[in-house]
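Note that the structure is predicted; figures quoted are calculated from it, not measured. Worth knowing before you read on, the calculation uses all heavy atoms, side chains too, and leaves out hydrogens, waters and symmetry mates.
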Amino acid sequence: MHDGFGRRGLLGGAGGIIAAAALPWDLALAQTAGTLRVGMTAAAVPLTNGVPDQGAEGHRFMGVTLYDQLVHWDLSKADAPAVLRPGLATAWKVDPTNPKRWTFTLREGVRFHDGKPLTVQDVVFSFDRVLKADAPHFDQRAAAFGRVRVPTVSAWEAVDERTFALETRTVDSTVPYGVSWIGIVQQAAWEAAGRNWDAYMPKAIGTGPWKLEAFSIRERAVLVRNPDYWDAARIPKSEKLVLIPLPEPNTRVAALRSNQVDWIEAPPADAVPSLKQAGYTIVTNQYPHNWTWQLATAEGSPWRDSRIRRGANLAIDRAAMKGMLGGLMDEGAGLLPLGSTWNDVPKFRWGYDPAAAKKLLADAGVTPRTPLKTRIGISTSGSGQMQPMAMNEALQQMLKDVGIEIEFEVFEWNTLLTIWRDGWKAPSNRGITGINISFTAIDPFTAMIRFLRSDLTPPAGNNWGGFSSPDYDALIAKILSEFDQTAQDKLVSDLHAKIVEDALFLFVAHDLNPRAMSRKVQGFVQARSWFQDLTPVRVTG
């Protein structure tokens with residue numbers, strides 16, 4: 001391990017005695033046997049508009065709780081990757097005569113939290129809200145997080161009372177994955193709120209297993225069980241769910257220790273041994289999440305030179321990083337962990353070889369005496385960001401040893417997501433040439449395509465760094481045109497292998513998604529997914 005990379009030094013000694021945190025409200029008021037209190041990594045409560053902000057953590061806690069989507073994820077298993085299953089749509093299919101057209105058959109008998117029935121017009125309204133900029137009910141905040149999930153969707157309509165259809169501008173076999181991000185809202189509820197999304201959010205209405213009771217964006221959200229949920233097997237076991245934004249890791253630990261919350265996301269590694277000793281439950285699982293730097297590769301970026309990208313990847317001591325994090329990560333092997341469907345037998349793997357790194361960098365004119373100086377955008381916390389300050393400081397030193405001097409531009413998590421959508425040359429990015437946003441890799445589009453397809457540069461998508469390659473575009477087109485799962489998996493594996501060999505990202509870690517919770521929390525199954533099902537969870541007295 002590098003000098004100075006001790007876990008205690010970098011992680012702030014979180015395993016020691018931590019002073020009680022001063023939380024923004026009195027959580028003891030919610031301290032009942034039927035209430036689950038969660039300390040999130042987000043700096044604010046996710047929006048309640050059906051397409052939450054705060055990254056995938058927002059979707060985990062406000063997207064799949066308050067709302068349903070046409071397509072759901074099966075989050076019931078810990079021993080296999082999550083797969084798609086019917087949600088508000090009982091079936092979906094592509095038109096055999098027109099592969100750009102999809103139809104969804106709506107589930108009968110679904111009611112919103114106020115008792116009104118779900119209609120196909122509510123589904124049309126929900127897609128208008130995200131994609132139709134001239135609609136009176138267009139919501140720019142929902143659009144910011146929803147458009148990038150379904151960037152090929154160009155038209156949608158109600159075919160009849162039980163059928164919704166959409167069309168894409170190009171053939172896109174990943175559509176079912178994309179619509180799993182779009183929560184279905186009730187048009188009448190928006191109208192009752194004065195046709196104003198700000199007024200709607202404190203009294204949001206969905207069809208999900210939880211109903212909104214209270215919403216204060218900087219303090220908390222309180223959700224209550226929906227006893228009339230259409231899926232009887234997923235009626236919540238807890239009476240209430242309280243969501244608290246606690247972006248600072250030590251504050252989350254202090255809140256758990258002082259019984260102000262029952263469950264925290266991403267406990268710092270140094271706190272884990274003492275939490276276990278004190279009787280708290282630590283839950284981990286492999287899941288499709290990677291922690292990387294996304295690098296700008298367009299003209300004007302130093303990362304355009306493949307020798308520099310490759311040299312940087314060879315300079316990363318991933319084993320040391322794993323030790324620093326107390327083993328709560330797998331070493332970065334690409335955009336997916338080893339053994340994943342699309343990274344099962346890797347053709348190439350980056351290791352730690354500082355001598356080879358220095359040689360490659362020297363060929364590119366970069367040495368410790370003639371360093372490359374550049375800036376990277378990072379966050380202090382956020383959805384899946386693990387321990388971003390400590391991890392980035394370690395990378396900073398590792399890269400400095402081979403001649404790459406990094407200065408950080410530090411942003412609040414939601415702000416970092418905003419500048420990510422702006423693109424690396426936008427003034428909001430402050431001259432950064434790489435951005436540290438960990439992300440979920442649950443499907444071909446979310447895991448890879450959105451970062452690489454040349455027509456998905458901002459604002460169309462998440463190709464933040466302006467990557468453009470005819471070879472990549474051609475391979476992506478084959479993936480999107482392939483509806484046979486086995487054949488598609490082979491193509492996606494080829495794409496992933498190409499990304500790794502070309503070192504298009506700085507590959508650092510795969511999170512094991514640690515959570516710490518009180519022994520009173522029972523029934524939780526940690527799915528191999530970024531999302532989790534809170535409905536089986538109960539809190540005992």
Trainee: State, without any angle test, whether Ser379 and Gln385 hold a side-chain donor-acceptor pair at a distance under 3.5 Å.
Mentor: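 Distance-only check passes for Ser379 and Gln385.
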Trainee: Quick one: does any side-chain atom of Asn429 pair with a main-chain N or O of Gly423 as donor and acceptor, under 3.5 Å?
Mentor: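 Here the side-chain-to-backbone pair exists.
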Trainee: Any side-chain donor paired with an acceptor under 3.5 Å for Ser469 and Asp471?
Mentor: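 The answer is no; no qualifying pair exists.
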Trainee: If you define the side chain from C-beta out and look only at heavy atoms, does anything of Trp181 sit under 4.5 Å from Val179?
Mentor: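 No, too far: nothing below the 4.5 Å cut-off.
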Trainee: Using only heavy-atom distances, determine whether the side chains of Gln396 and Asn392 contain a donor-acceptor pair under 3.5 Å.
Mentor: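 The criterion, which ignores hydrogens and geometry beyond distance, is not satisfied for Asn392 and Gln396.
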Trainee: Measure centre to centre between the rings of Trp342 and His496, then say whether the value is under 6.0 Å.
Mentor: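 No, the ring of Trp342 stays outside the 6.0 Å limit from the ring of His496, centre to centre.
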Trainee: For the residue pair Arg220 / Ser216, report whether a side-chain donor-acceptor contact shorter than 3.5 Å exists.
Mentor: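 Arg220 and Ser216 do not have a side-chain donor-acceptor pair below 3.5 Å.
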Trainee: Might you confirm whether atom NZ of Lys478 has over 12 heavy atoms from other residues, nucleotides or ligands at distances under 6.0 Å?
Mentor: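 No, because the 6.0 Å sphere around NZ of Lys478 holds 12 heavy atoms or fewer from other groups.
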Trainee: Output a table of donor-acceptor pairs, distance under 3.5 Å, between side-chain atoms of residues 357-368 and any protein atom two or more places apart or on a different chain; print 'none' if there are none.
Mentor:
| unit_1 | atom_1 | unit_2 | atom_2 | d |
| --- | --- | --- | --- | --- |
| Thr367 | OG1 | Arg369 | N | 3.2 |
| Thr367 | OG1 | Thr370 | N | 2.9 |
| Thr367 | OG1 | Thr370 | OG1 | 2.8 |

Trainee: Under a 4.5 Å cut-off applied to non-hydrogen side-chain atoms, are Arg257 and Tyr280 in contact?
Mentor: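 Yes, close enough: below the 4.5 Å cut-off.
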Trainee: Check Asp494 with Lys490, please: is the shortest side-chain N to carboxylate O separation under 4.0 Å?
Mentor: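 Between Asp494 and Lys490 there is a salt bridge, with a charged N closer than 4.0 Å to a carboxylate O.
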Trainee: Does the pair Arg37/Asp262 count as a salt bridge with the N-to-O cut at 4.0 Å?
Mentor: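 Looking at Arg37 and Asp262, the cut-off is met.
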Trainee: Assess the side chains of Asp422 and Ser428: does a donor N or O sit below 3.5 Å from an acceptor N or O?
Mentor: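 Result is yes, a qualifying pair exists.
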Trainee: With a 4.0 Å cut-off on N to O distance, would you call Glu299 and Arg304 a salt bridge?
Mentor: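 Yes, Glu299 and Arg304 are salt-bridged.
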Trainee: Quick one: which of Phe531, Phe145, Tyr67 gives a ring-ring contact (aromatic ring centres under 6.0 Å, His included) with His59?
Mentor: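 Exactly one pass, corresponding to Phe531.
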Trainee: Strictly below 4.0 Å, N to O, side chains only: are Asp455 and Arg169 in salt-bridge contact?
Mentor: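 Salt bridge: yes.
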Trainee: Taking the ring centre of each residue, are Tyr352 and Trp350 less than 6.0 Å apart?
Mentor: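 Centroid distance Tyr352-Trp350: not below 6.0 Å, so no.
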Trainee: Would you name the heavy atoms of Ala269 and Gly326 that are closest together and state the gap between them?
Mentor: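 That would be CB-N, 3.9 Å.
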Trainee: Does the salt bridge (Lys or Arg N to Asp or Glu O under 4.0 Å) test come out yes or no for Asp198 and Arg141, once each step is laid out?
Mentor: CA-CA 10 Å; Asp198 287 334; Arg141 287 166 295 194; 2.7 Å; yes
Trainee: Give me each pair satisfying ring-ring contact (aromatic ring centres under 6.0 Å, His included) with a member in residues 428-449, each pair once, sequence neighbours excluded.
Mentor: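 Qualifying pairs, neighbours excluded: Phe439-Phe451.
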Trainee: Side-chain donor-acceptor pair under 3.5 Å between Thr41 and Glu57, yes or no?
Mentor: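 Note: Thr41 and Glu57 side chains meet the donor-acceptor criterion.
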Trainee: For the side chain to side chain donor-acceptor pair (under 3.5 Å) test, which of Trp464, Trp424, Trp303, Trp420 pairs with Gln294?
Mentor: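 It is Trp420, the one option of Trp464, Trp424, Trp303, Trp420 that forms the side chain to side chain donor-acceptor pair (under 3.5 Å) with Gln294.
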Trainee: Regarding Arg430 and Glu409, does a basic nitrogen lie under 4.0 Å from an acidic carboxylate oxygen?
Mentor: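 Yes, Arg430 and Glu409 are salt-bridged.
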Trainee: Just jot down the salt bridge (charged side-chain N to carboxylate O under 4.0 Å, His left out) partners of Arg309, sequence neighbours excluded, or say none.
Mentor: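 Salt bridge (charged side-chain N to carboxylate O under 4.0 Å, His left out) list for Arg309, sorted by chain: empty.
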